[in-house]
Every structure is written in C-alpha cells, then in structure tokens.
Undergrad: 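Take a look at this one; I'll ask things after.
Labels below follow one simple rule: chain letters A, B, ... track the order of the sequence lines, proteins then strands, and each chain is numbered from 1.
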Protein chains: 2
Amino acid sequence: MNNVICTVDVVLLTIKDERLSVALLKREREPYRGVAALPGGFIHAEDNDARDAALRVLNEKTRIEAPYLEQLATFSGPARDPRGWSISVTYYALVSFDVIERAGHPDIKLANVDQLTNLPFDHRGIIETAVARLRSKSQYSSLPCYLAGEAFTLPHLQRIYEALMGEPLNKVSFRRKIKEMAMLEILEGQFDSAGAHRPAQLHRLKPELRERLTLLERGL
Amino acid sequence: MNNVICTVDVVLLTIKDERLSVALLKREREPYRGVAALPGGFIHAEDNDARDAALRVLNEKTRIEAPYLEQLATFSGPARDPRGWSISVTYYALVSFDVIERAGHPDIKLANVDQLTNLPFDHRGIIETAVARLRSKSQYSSLPCYLAGEAFTLPHLQRIYEALMGEPLNKVSFRRKIKEMAMLEILEGQFDSAGAHRPAQLHRLKPELRERLTLLERGL
DNA sequence: TGAATAGTGTCTTTTAGACAATATGTG
DNA sequence: CACATATTGTCTAAAAGACACTATTCA
C-alpha cells in the first residue's frame with residue numbers, strides 16, 4: 001500500500017510530586033489543533049530511522065536532548081488518524097522533573113498518568129501501554145534510575161521505585177537489590193543535606209550504563 | 001514523508017529436536033528472489049492493522065492460522081530494503097513443531113536460531129531480537145507453553161523451558177512454579193505412554209489463557 | 001523382576017522481610 | 001540535647017534447590 005501516514009509519538013515520562021506523569025503538548029496543527037497530545041510528527045526522509053525521528057521530534061517540540069529513549073510499540077490502522085491509514089512508531093522517554101523544568105517550554109503540561117482526561121487519536125492507549133511497560137520493567141531492572149536525574153540518594157530512588165510499583169518497599173531488601181545490580185557509584189563526599197537530619201549519600205548511574213539497563217535475576 | 005515502504009515480517013518459532021528454530025521461506029520475488037528469509041509482505045489498505053497484516057501474510061505463506069502472535073518491534077531506515085526508506089513492523093509467532101509439519105508446506109525450512117547463516121535485509125537482527133525477547137520472557141511467564149502444542153506433559157514442558165533457558169532446571173522447583181502460575185489443567189485420564197516407564201499425565205493450557213500470558217512474581 | 005522415567009516428600013541452603021540499633025545532620 | 005532521617009546489623013520467615021523415595025509402565 002502506498003501513502004501510509006508514517007509518524008512517531010513520544011511518551012515522555014517523569015516523576016512529579018512522587019507521581020508518574022506524562023508530558024502533553026498543545027497541538028499546533030490540524031487535526032486536533034490546540035488539543036493537548038503526545039509530542040509527535042512525521043518521519044522524514046532525512047531521518048536515519050524511526051528512533052532518530054523520535055529524538056528529532058522530541059527535541060523540536062520540547063528542547064530536551066538525549067533522554068533515555070526506548071521503543072514502545074507500533075500502533076496502526078485505518079481509523080486512528082482521521083487523515084487515513086496510519087502507522088505510529090512510539091517511544092517512551094524517561095527524564096527527571098528538573099530536565100523538564102530546565103527545558104522551560106511554556107506549553108508542556110504534566111498529567112498524572114492515573115488520571116488522564118480525554119486525548120486525541122489513540123494517545124490514551126499509547127500512554128497506558130508505556131506506563132504498563134515501565135511498571136513491569138521496574139520490577140526487575142534499573143530502569144527507574146533514569147527518572148532520578150544525574151545525582152540522587154538511595155532514599156530518593158526508593159521513593160521513585162515505590163511510586164512506580166504502587167506499594168512501599170522494604171528498605172533493607174531494596175538496598176540489597178540495588179547493590180546486587182551494581183549499577184551505581186558513590187559520589188565521594190557528596191551528600192544531600194536537606195532537613196534537620198543525617199544527610200544522605202549521593203550516587204549516580206555508572207557512566208557506562210547511561211544507555212544500558214541492568215537486570216535482576218529475581219525482581220525487587 | 002510519502003512513499004515509505006510499509007511491511008510486516010513474522011518470526012515463526014518452534015522447538016525441533018529440543019532446539020529453538022525459526023521458519024525461513026524461499027522468497028518468490030525480487031529483491032533476494034530465491035533466498036531464504038522471514039515470511040513477510042506489504043501492509044494492505046484492507047488490513048485492519050499491522051497485526052492483521054502479519055496474520056494474513058503468515059497464513060498466505062505457510063497456511064498456519066491463529067498461532068500465538070505478539071508484536072516484537074519495528075525496524076526502519078533508508079538502507080534496510082534496497083527499494084527505499086522502509087518500515088517493517090515485526091511479530092513473533094510460537095507454534096509446536098507438529099503445527100508446522102501439518103501445514104506441510106514444502107518450502108519451509110527450519111533453522112536453528114543459534115546457527116543462522118546469512119539472511120537478506122536485516123532479518124538476522126530481527127530474529128536475534130525475537131529470540132532474546134522469547135528467552136527473556138520465558139524466565140517469568142507461561143510463554144513457552146505456546147511451543148508445546150495442544151496437550152503436553154510436564155516433563156515435555158520442562159524440556160522446552162530448558163531448551164530456551166539453556167540450562168537444566170530443578171524438577172521440584174519447576175513444578176512448584178508451574179503450579180503457582182495456575183495456567184494448566186489436567187486432561188483427566190489422558191497420559192503419554194511412550195517408552196518402558198511410567199506414563200506422564202497430559203495437560204493443556206486453560207482455554208481462557210489461549211491468548212493471554214500468565215506471569216510469575218519471581219522467575220523460574 | 002529390572003530398567004526407565006513420572007511424580008512427591010522433606011531437608012538444606014538461599015533469599016527476602018521485620019525489627020531495631022547506631023549514625024549524623026539541624027534547630 | 002531532642003528530633004528526624006540515613007545506614008547497617010541481625011534475627012525470622014519464605015522460597016528455591018538437592019536428594020531421595022515411591023509409582024507405574026514395558027520388556
């Protein structure tokens with residue numbers, strides 16, 4: 001078939017106020033002009049592949065560069081886009097909240113993924129797929145680290161895991177598992193001194209794992 | 001961009017002689033006419049979505065109907081197909097060996113996935129991705145059951161899991177886990193009586209789980 | 001009856017979780 | 001010092017694995 005509409009959409013996720021949230025942007029064009037939707041756009045002949053298109057589109061619309069980005073799934077069919085038979089290769093990206101703040105784009109809205117209002121196209125289903133994938137992978141991988149920013153404490157990371165899993169985790173077990181994954185390194189002498197209590201050690205992802213997940217034999 | 005070549009490819013996997021194997025077909029058309037490759041084809045305007053296209057293409061080329069079929073990933077770029085910028089939405093299908101035998105198509109060749117020879121397009125990478133996905137999911141799900149056919153014994157299922165994981169499994173633990181997943185039902189009074197030894201009880205997937213995976217809290 | 005594999009009971013080892021003690025900041 | 005949270009030690013409980021015993025068939 002000729003003339004399939006080929007697009008990419010990006011589910012940009014972050015943790016805001018200990019809640020998993022998705023970035024929505026007001027659409028600048030028809031269809032659904034002015035409606036909040038996932039950042040997306042057409043694949044161009046100049047793109048090296050759909051992943052490059054997703055990175056380009058995300059950067060054009062949010063100014064965010066080089067986030068953790070992983071292919072989610074491809075959604076297709078004659079009815080999902082009013083313009084005709086379409087394919088959307090979707091990706092999900094994980095960033096810390098301050099990356100979104102620093103981008104400072106006025107039209108980005110963050111919506112709690114558990115309280116989504118109506119969305120155009122099949123974007124609601126795409127977001128639900130992304131959230132399910134993230135929550136599933138969080139059970140046995142280092143994936144949530146990409147939501148934590150450059151430097152973070154173990155208590156902070158545990159709150160992120162808990163927000164994703166939806167339940168409190170045992171502190172001792174959590175730390176045993178993080179140690180087992182061997183994905184973090186201590187930022188010697190750097191602590192997070194916020195509050196009238198003992199400061200927490202700052203950590204970061206080992207640089208060689210910036211783009212690669214670490215997996216657990218058994219989940220958290 | 002207009003004129004993206006939109007195709008589907010199917011990685012049809014089975015267990016032959018306790019080895020994971022992929023079905024390859026001789027291509028009937030250019031490019032790579034006569035070369036063994038994954039069954040694939042163009043998406044048609046009449047298809048309801050890419051999944052329907054994959055089921056249609058698989059049935060047209062192998063006469064196999066309604067296998068377990070799951071989206072794998074989408075491969076894209078200007079160079080993977082000599083005809084131009086292309087997208088392939090890929091799926092993997094799992095069937096028992098006798099489903100392939102019964103289809104009786106003369107041009108299907110089964111190749112051990114650990115000893116792949118040269119393949120056209122990026123089919124080698126697609127197969128490797130499918131195998132990695134299957135092996136990963138086998139650690140904590142009922143996925144391998146779809147390789148076992150209609151009725152099977154627990155020792156047979158264990159050999160399938162072992163072929164996928166590449167290591168022997170503890171019999172007691174394996175059975176505990178299968179029981180925990182609660183995905184099988186006993187075929188009362190039906191046994192596999194092959195060999196000079198105690199016959200093994202036949203089981204089948206619970207009918208309501210024909211298309212849905214069961215997951216384990218902790219892996220095998 | 002002996003060989004071969006199926007299926008189960010039980011003890012040991014490993015892993016996860018509960019609980020609490022110690023550590024180190026601020027006001 | 002009182003208080004709050006970080007970090008660690010240790011005991012208990014749960015899960016996984018090793019091993020062996022019983023079951024059932026055919027030759």
Undergrad: Take atom CZ of A:Phe174 and atom C1' of D:dT8, then tell me their distance rounded to the nearest Å.
TA: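 Between C1' of D:dT8 and CZ of A:Phe174: 16 Å.
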Undergrad: In whole angstrom, give the distance that lies between atom CZ of B:Phe191 and atom C1' of C:dA6.
TA: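 Roughly 10 Å, once rounded to whole Å.
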Undergrad: Among C:dG7, D:dT24, D:dA16, find the nucleotide with the atom closest to the side chain of B:Gln201.
TA: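 Nucleotide nearest to B:Gln201's side chain: C:dG7.
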Undergrad: Does A:Arg19 have more than 12 heavy atoms from other residues, nucleotides or ligands lying within 6.0 Å of its CZ?
TA: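 No, not enclosed.
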Undergrad: Between B:Asp9 and B:Thr90, is there a side-chain donor-acceptor contact under 3.5 Å, judged purely by atom types and distance?
TA: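 Note: B:Thr90 and B:Asp9 side chains miss the donor-acceptor criterion.
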Undergrad: I need the CG-C1' distance between A:Asp192 and D:dT7, as an integer number of Å.
TA: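 So the two atoms are 15 Å apart, to the nearest Å.
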Undergrad: Could you check how far CD of B:Glu162 sits from C1' of D:dG17, rounded to whole Å?
TA: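 Spelled out: CD on B:Glu162 to C1' on D:dG17 is 14 Å.
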Undergrad: Looking at the side chain of A:Pro155, which of D:dT7, D:dT25, C:dG7 is the nearest nucleotide?
TA: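 Of the candidates, D:dT7 comes closest.
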Undergrad: Remember a base hit wins even if backbone is also touched, and classify B:Lys171 as base, sugar-phosphate or nothing at under 4.0 Å, heavy atoms.
TA: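 Base, at least one base heavy atom under 4.0 Å.
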Undergrad: Ignoring hydrogens and angles, does a donor from either the side chain of B:Asn170 or the base of D:dA18 sit under 3.5 Å from an acceptor on the other?
TA: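 Side chain to base: pair present.
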Undergrad: Answer yes or no: does atom CZ of A:Arg210 have more than 12 heavy-atom neighbours from other residues, nucleotides or ligands under 6.0 Å?
TA: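 Atom CZ in A:Arg210 is crowded, with more than 12 foreign heavy atoms closer than 6.0 Å.
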Undergrad: From D:dA15, D:dA6, C:dA6, pick the nucleotide closest to the side chain of B:His197?
TA: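 Taking heavy atoms from C-beta onward, the closest nucleotide is C:dA6.
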Undergrad: Would you kindly give the CE-to-C1' distance between B:Met165 and D:dG17, to the nearest whole Å?
TA: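 Taking CE of B:Met165 and C1' of D:dG17, I get 14 Å after rounding.
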Undergrad: State which of D:dA6, C:dA6, D:dA16 makes the closest approach to the side chain of B:Ser173.
TA: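 Nearest to the side-chain atoms of B:Ser173, counting from C-beta on, is D:dA16.
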Undergrad: Is there a donor-acceptor contact under 3.5 Å linking the side chains of B:Tyr92 and B:Glu70?
TA: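 Yes, because at least one side-chain N or O of B:Tyr92 sits under 3.5 Å from a partner of the opposite role on B:Glu70.
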Undergrad: Taking the nucleotide of DNA chain C with the nearest heavy atom to each, does B:Arg175 or B:Arg218 sit closer to the 5' end?
TA: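 It is B:Arg175 whose nearest nucleotide is closer to the 5' end.
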Undergrad: Which part of the nucleic acid does A:Ser193 contact within heavy-atom distance under 4.0 Å: base, sugar-phosphate only, or nothing?
TA: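 It contacts nothing in the nucleic acid.
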Undergrad: Rounded to whole angstroms, how far apart are CZ on B:Arg198 and P on C:dG7?
TA: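 In whole Å, C:dG7 P lies 6 Å from B:Arg198 CZ.
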Undergrad: Without decimals, in angstroms, what is the distance between B:Leu169 CG and D:dA16 P?
TA: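 Rounded to the whole Å, the gap is 13 Å.
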Undergrad: Would you check if the distance from the ring center of B:Tyr140 to the ring center of A:Tyr140 is below 6.0 Å?
TA: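 Yes - the distance between ring centres of B:Tyr140 and A:Tyr140 falls below the 6.0 Å cut-off.
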Undergrad: Measure from the side chain of B:Arg176, starting at C-beta and using heavy atoms only, and say which of C:dT10, C:dA6, D:dA15 lies closest.
TA: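 Per side-chain heavy atoms of B:Arg176, the pick is C:dT10.
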Undergrad: Which of the following nucleotides, D:dA15, D:dT24, D:dA18, is nearest to the side chain of B:Lys177?
TA: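 Selected nucleotide (nearest to the side chain): D:dA15.
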Undergrad: Between atom CD1 in A:Ile178 and atom P in C:dA16, what is the gap in whole Å?
TA: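 About 13 Å, once rounded to whole Å.
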